[in-house]
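Chain letters run A, B, ... following the sequence lines, proteins first, then strands; residues in each count from 1.
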Amino acid sequence: MLRVYNTLTKQKELFQTVEPGKVTMYVCGPTVYKPSHIGHMVGPVIFDTVKRYLVRLGYQVRWVVNITDVDDKLIRRAAELNTTVKELAEKMTTDYVENLTKLNVTGIDAMPRATEHIQGMIDIMQGLIAKGYAYAASGDVYFDVMKDADYGKLCNRDPEQLEAGARIEVSDRKRSPGDFALWKSAKPGEPAWDSPWGKGRPGWHIECSAMSMSLLGKTLDIHGGGLDLQFPHHENELAQSESFTGETFSRYWMHNGLLKIGQSKMAGSVGNVVNVVDLLQKYSPETVRFLLLATHYRSPIEYSDERLAEVQKSLEGFYRFFERYERITKKSFFAITASTNVASPSEFATLRQSFLNHMDDDFNTGGAVGVLFELLSALNRFVDVSQLESGNGKPVDVATFEQGVGYLKELTDILGLFAKQIETPQTDEKSQQILSGLMQLLIDLRAEARKAKNFSLGDQIRKRLAEIGVTLEDRPTGTIWRKE
RNA sequence: GGCCCCUUAGCCAAGCGGUAAGGCAGUGGAUUGCAAAUCCGCCAUCCCCGGUUCGAAUCCGGGAGGGGCCUCCA
């Protein structure tokens with residue numbers, strides 16, 4: 001049974017959806033004014049994995065991630081770059097989507113833009129005003145936190161005390177400091193839309209209410225986002241949505257931990273961001289995704305170059321195993337279909353179950369990843385013990401082995417890892433032929449030297465190759481070579 | 001000042017009352033002509049102090065240190 005930690009209740013709850021068998025999930029996306037940094041990828045990778053697991057459990061999942069394409073930062077940045085808000089937003093959205101694709105985030109069903117839902121926002125605001133939860137003032141519209149009896153329930157905020165900590169310019173149009181803008185009257189030169197209160201643009205929180213209701217209905221099963229969005233964004237979204245519909249806005253609130261670089265979080269405001277595009281120059285998408293999933297999603301993730309290098313190193317064992325699998329079965333790991341049914345009890349099946357148990361416990365990918373390494377060891381051990389690589393393996397053992405590898409495929413699929421062969425820099429075919437020909441030539445010459453007990457020559461060949469980044473491995477079936 | 005959260009080996013990290021997963025690094029061994037790869041073994045009593053309990057890394061209280069939010073932020 002799947003249990004999910006709910007920020008609203010601060011405990012793990014049994015997962016039960018509004019509609020049996022179906023899950024609606026809304027995750028707050030970025031404001032597209034700058035190229036995305038790795039921090040922006042944490043949520044998408046995690047919730048992509050959440051979706052994969054839910055699908056694996058048999059749910060039909062519909063997942064929406066919004067794009068905020070109008071806001072102060074966007075307006076400012078567009079002015080700096082001497083471009084339009086629209087153009088800037090489109091460009092940065094493209095960047096965002098490309099990065100998601102590279103990280104194998106494939107589960108998003110819709111990415112609505114705030115500016116496409118202005119009418120929906122106006123409808124909600126009118127409803128809120130009619131019910132007395134919001135008021136218009138000089139072209140602005142504000143939500144009245146004092147009118148909302150349970151305002152602050154998500155983050156334990158007391159609207160009475162918001163005043164104390166209110167460091168913001170408390171607009172005199174507001175009735176109380178905690179009130180937040182649903183609609184902002186237009187200033188000259190800013191993007192603006194017509195509304196019953198005059199020309200203006202939406203406040204930050206209202207867009208998510210409008211988009212989620214329009215695409216997923218009044219009550220979401222899961223609402224997700226970064227920990228930093230809990231307050232005020234999610235608190236306000238919740239307040240305005242429930243005040244408007246009178247119904248529960250989201251059954252489960254899930255918040256992911258922030259990426260930590262050194263002692264503080266990575267954020268545009270701190271100025272310590274690493275762009276995804278730059279990062280992927282140095283490390284594979286697989287490495288990045290693995291890093292993000294190796295820690296429990298509610299904890300901060302330790303980010304550093306050393307950490308990335310460490311993760312990359314730990315992944316090499318998997319890639320070597322995939323090659324080993326190919327040597328034994330003549331099949332590519334990436335092409336096999338996952339075993340999902342447990343035919344007979346085995347060590348592999350036990351580990352598989354352990355992995356699934358971790359996922360059932362609030363999507364504990366950290367624990368699950370640990371099991372992956374155990375499964376890897378178990379499979380390698382099995383190959384050794386059953387002598388599968390020497391070609392003397394019994395058919396029964398080969399079958400058991402293939403099932404175990406099928407599990408590995410199944411589980412890595414859930415995490416969205418090892419979906420395809422790692423990409424290597426393209427070289428033309430002719431060069432490729434020459435390279436493999438030369439390598440074979442060297443391996444053959446070395447084999448002859450070793451046969452003649454001329455080990456010093458053999459070792460010299462190996463040493464010189466190592467110096468240029470080529471490793472030789474002498475295996476029962478012959479010598480193979482590998483870059484790096 | 002208010003509201004959350006964290007503190008597990010050199011580093012990263014799981015653990016949610018029954019006696020410390022996993023990875024990286026290190027180290028001993030099997031294998032190898034020697035290596036590489038693989039396998040096996042070793043490597044922590046869980047920030048401190050009290051308490052609850054037959055039993056606590058896990059629960060409660062206090063202390064120390066760190067982080068997040070209260071302003072834009074994934």
Side-chain angles (χ1 to χ4, degrees), chain A residues 3 7 10-12 27-31 33 36-47 65 71-73 76 152 155-158 161-162 164-169 178 204 224-233 235 255-260 263-270 273 290-291 294-296 298-302 304 306-307 309-317 320-321 323-324 354 358 361-362 364-374 376-385 389 450 453 455-456 458-459 462-463 466 471-476 479-482:
Chain A
R3 293 189 312 144
T7 306
K10 292 179 180 54
Q11 57 189 20
K12 287 182 199 170
V27 176
C28 290
T31 300
Y33 75 111
S36 37
H37 63 261
I38 333 151
H40 291 125
M41 300 292 115
V42 178
V45 166
I46 284 162
F47 289 102
V65 175
D71 117 300
D72 291 346
K73 294 193 297 296
R76 213 178 306 134
C155 306
N156 255 316
R157 305 290 163 137
D158 180 358
Q161 291 187 335
L162 281 176
R167 278 184 277 159
I168 15 164
E169 34 33 270
W204 177 31
L227 212 60
D228 53 347
L229 292 183
Q230 278 185 194
F231 194 91
H233 189 233
E235 191 72 63
H255 290 98
N256 60 268
L258 305 179
L259 205 63
K260 225 176 113 194
Q263 209 54 257
S264 69
K265 65 166 179 172
M266 179 183 292
S269 55
V270 185
V273 300
F290 202 94
L291 170 79
T295 304
H296 186 96
R298 280 189 280 118
S299 305
I301 299 170
E302 205 71 38
S304 67
E306 297 71 46
R307 177 74 183 123
E310 186 185 307
V311 169
Q312 189 179 45
K313 194 145 197 194
S314 72
L315 290 187
E316 282 169 15
R320 283 197 214 95
F321 176 76
E323 289 169 13
R324 200 175 196 197
S354 166
H358 275 107
D361 183 15
D362 194 31
N364 186 352
T365 55
V369 161
V371 177
L372 233 40
F373 282 102
E374 289 185 81
L376 178 67
S377 292
L379 287 165
N380 269 320
R381 191 186 312 126
F382 191 84
V383 172
D384 285 358
V385 172
E389 202 169 0
R450 292 173 70 212
K453 303 280 184 212
F455 293 122
S456 71
D459 290 349
R462 188 173 62 197
K463 185 163 168 281
T471 310
L472 293 185
E473 293 181 14
D474 296 327
R475 304 195 152 272
T479 300
I480 62 167
W481 65 279
R482 199 177 47 240

In whole angstrom, give me the gap between the [atom1] atoms of [N] and [M].
N	M	atom1	answer
B/U45	B/U52	P	25 Å
B/G61	B/G68	P	25 Å
B/U7	B/C12	P	12 Å
B/A13	B/C72	C1'	32 Å
B/C49	B/A9	P	16 Å
B/C59	B/G22	P	23 Å
B/U8	B/C48	C1'	15 Å
B/C3	B/A44	P	41 Å

Ranking A/E302 and A/L258 by the position along RNA chain B of their nearest nucleotide, the one closer to 5' is A/E302
Nearest-nucleotide check on RNA chain B, A/K12 vs A/R324; residue mapping nearer the 5' end is A/K12
Taken in chain and number order and not counting sequence neighbours, the residues that satisfy side-chain hydrogen bond (donor to acceptor under 3.5 Å, both in side chains) with A/R298 are A/D362
Identity of whatever pairs with [N] - Watson-Crick or G-U, under 3.5 angstrom:
N	answer
B/C39	B/G29
B/U7	B/A64
B/A21	none
B/G1	B/C70

As a test of reading the structure: which of [options] is closest to the side chain of [X], going by heavy atoms?
X	options	value
A/R482	B/C70, B/A13, B/A37	B/A37
A/D361	B/G15, B/A74, B/C39	B/G15
A/E473	B/A14, B/A37, B/A74	B/A37
A/K73	B/C72, B/A74, B/U38	B/C72
A/N364	B/G15, B/A74, B/C16	B/G15

Between the NE2 atom in A/H255 and the SG atom in A/C28, the distance rounded to the nearest 0.5 Å is 8.0 Å
Once base and sugar-phosphate atoms are separated, protein heavy atoms under 4.0 Å mark nucleotides 23-30 of chain B, 5' to 3', with B, S and - as BSS-----
Separation of B/C39 atom P from A/E389 atom CD, nearest Å, is 12 Å
Reckon A/L259 touches a base, only the sugar-phosphate, or nothing at all at heavy-atom distances under 4.0 Å? base
**Prompt:** Base, sugar-phosphate, or nothing: which does A/G268 touch, judged by heavy atoms less than 4.0 Å apart?
**Reply:** nothing
* Does A/N380 reach the side chain of A/F321, with side-chain heavy atoms less than 4.5 Å apart? -> yes
(request) Decide yes or no for A/D361 and A/R3: does some side-chain heavy atom of the first lie under 4.5 Å from some side-chain heavy atom of the second? (result) yes
Charged N to carboxylate O under 4.0 angstrom, [X] versus [Y]?
X	Y	result
A/R157	A/E235	no
A/K313	A/E310	no
A/R381	A/D384	no

Using only heavy-atom distances, decide whether a donor-acceptor pair under 3.5 angstrom links the side-chain of A/R157 to the base of B/C69.
yes
- prompt: Can you find a donor-acceptor pair, distance only, under 3.5 Å between A/K10 side chain and B/C4 base?
  reply: no
Result for side-chain contact (heavy atoms from CB on, under 4.5 Å) between A/K260 and one of A/S299, A/S304, A/P300 points to A/P300
### Task
List the steps, then state whether side chain to side chain donor-acceptor pair (under 3.5 Å) holds for A/D474 with A/T479.
CA-CA 4 Å; A/D474 296 327; A/T479 300; 2.8 Å; yes
| said: Please confirm whether the shortest side-chain N or O distance from A/R320 to OP1 or OP2 of B/U38 is below 4.0 Å. | reply: yes
Counting only side-chain N and O atoms of A/N156, is one of them less than 4.0 Å from OP1 or OP2 of B/C4?
yes
Can A/R450 be said to sit on top of A/F455's aromatic six-ring, NZ or CZ under 6.0 Å from centre and within 45° of the ring axis? no
As a quick check of understanding, evaluate salt bridge (charged side-chain N to carboxylate O under 4.0 Å, His left out) for A/R320 and A/E323, giving each step before the final call. CA-CA 5 Å; A/R320 283 197 214 95; A/E323 289 169 13; over 6 Å; no
Tabulate atom names and distances for all N/O pairs under 3.5 angstrom spanning the protein and nucleotides 31-33 of chain B.
unit_1	atom_1	unit_2	atom_2	d
B/G33	N7	A/R450	NH2	3.3
B/G33	O6	A/R450	NE	2.7
B/G33	N1	A/D459	OD1	2.9
B/G33	N2	A/D459	OD1	3.3
B/G33	N2	A/D459	OD2	2.5

